[in-house]
Protein chains: 2
Amino acid sequence: MLNQMATLDRVFHALSDPSRRLMVERLSLGPASVSELARPLSMSLAAVVQHVQVLEASGLVRSQKVGRTRTCSIQPAVMRSAEQWMADRRTSWERKLDRLGDYLAGTADNPDTPAKERQ
Amino acid sequence: MLNQMATLDRVFHALSDPSRRLMVERLSLGPASVSELARPLSMSLAAVVQHVQVLEASGLVRSQKVGRTRTCSIQPAVMRSAEQWMADRRTSWERKLDRLGDYLAGTADNPDTPAKERQ
DNA sequence: GCCATAGTGAAGCAATCGCTTGACTATCTG
DNA sequence: CAGATAGTCAAGCGATTGCTTCACTATGGC
């Protein structure tokens, strides 16, 4: 729960960069080498390697070197946990809105009901 | 699609900070003032205001000032679109893995099948 | 063996981040 | 009205980002 916090830091930070998101999009179609990831990116290969390191540190991507090429692939676990974090907060808020809607509908003909929310 | 990119930048960046995520968690329970958001955070009120501005610029949070207090609340739309982005990439990758599994299972007794993947 | 390919490591640099402080402005409350 | 509360604005500062360049080390194909 303490470490989970730092993981979410890294995952959201990793995804906050458009070049890194492009790499993830490419990798969602299948594994790729670093040079393959670099191809559409108009920046030095060294810069791409640094992006790969950020993705790898976040747990979103795993890579292994075979011969002289490093092949990267997606690791869906932490992606799912970041999704889950967002879904939990969002649905919590949306359920709250729904309950408020029900409350307002239920008290429309009974306006003297106290403002305290129902469970 | 061009603007969507920049929005995702801001949303993921906004969520990459633990203090801002804590604010979102608080807000998922219901609206709150800036001071309320500041309470558990051991930093100056000015810093909290800056965090609120980041959240607001991302579209995750909306706020309005009444009297001297600014009340913040969650705006679930962009949260959902960030979730969707992740889910799309993750499921694309997972479906790919599934097809690979099917392929390997289907050709277990027919190892001469070419390596090209099936559609 | 030679040369192109694929990556690594380190230094450096401008821009951005997260935060502080201090001065200031409203808005309530007694 | 006096003082506390809630927030705003701006300057500044150290740390981190996202790059670059240069030098270097494998590895692979002819």
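To find a chain, count down the sequence lines: A is the first, B the second, and so on, and within it residues start at 1.
Within residues 42-51 of chain A, the residues approached by DNA chain C to less than 4.0 Å at the level of any non-hydrogen atom are A:L45, A:A46, A:V49, in residue-number order. Contacts of residues 8-22 of chain B with DNA chain D (heavy atom under 4.0 Å): none. Taken residue by residue, residues 54-75 of chain B places heavy atoms nearer than 4.0 Å to DNA chain C at B:G67, B:R68.
Residues that satisfy the salt bridge (charged side-chain N to carboxylate O under 4.0 Å, His left out) test with A:E25, not counting sequence neighbours, are B:R89. The side-chain hydrogen bond (donor to acceptor under 3.5 Å, both in side chains) check on B:R90 picks up A:E83, B:E94, with sequence neighbours excluded. Residues forming a side-chain hydrogen bond (donor to acceptor under 3.5 Å, both in side chains) with B:S33 (at least two apart in sequence, or on another chain): B:E36. Applying the side-chain hydrogen bond (donor to acceptor under 3.5 Å, both in side chains) test to B:R62 and every residue at least two apart in sequence or in another chain returns B:Q75. Residues satisfying the salt bridge (charged side-chain N to carboxylate O under 4.0 Å, His left out) criterion with A:R21, sequence neighbours excluded, are B:D9. Shown here are the side-chain hydrogen bond (donor to acceptor under 3.5 Å, both in side chains) partners of A:H13, two or more places apart in sequence or in another chain: there are none. Looking at residues two or more places apart in sequence or on another chain, you find a side chain to side chain contact (heavy atoms under 4.5 Å, CB included) between A:V78 and A:T7, A:V11, A:L60, A:S81. Take B:A46 and apply the side chain to side chain contact (heavy atoms under 4.5 Å, CB included) test, not counting sequence neighbours, and it matches B:S44.
Going from atom CG of A:L15 over to atom CH2 of B:W85 covers 5.0 Å, rounded to the nearest 0.5 Å.
The CD atom of B:E36 sits 14 Å away from the C1' atom of D:dT5 (whole-angstrom rounding).
Applying the salt bridge (charged side-chain N to carboxylate O under 4.0 Å, His left out) test to pairs two or more places apart or on separate chains, none has a residue in residues 63-74 of chain A.
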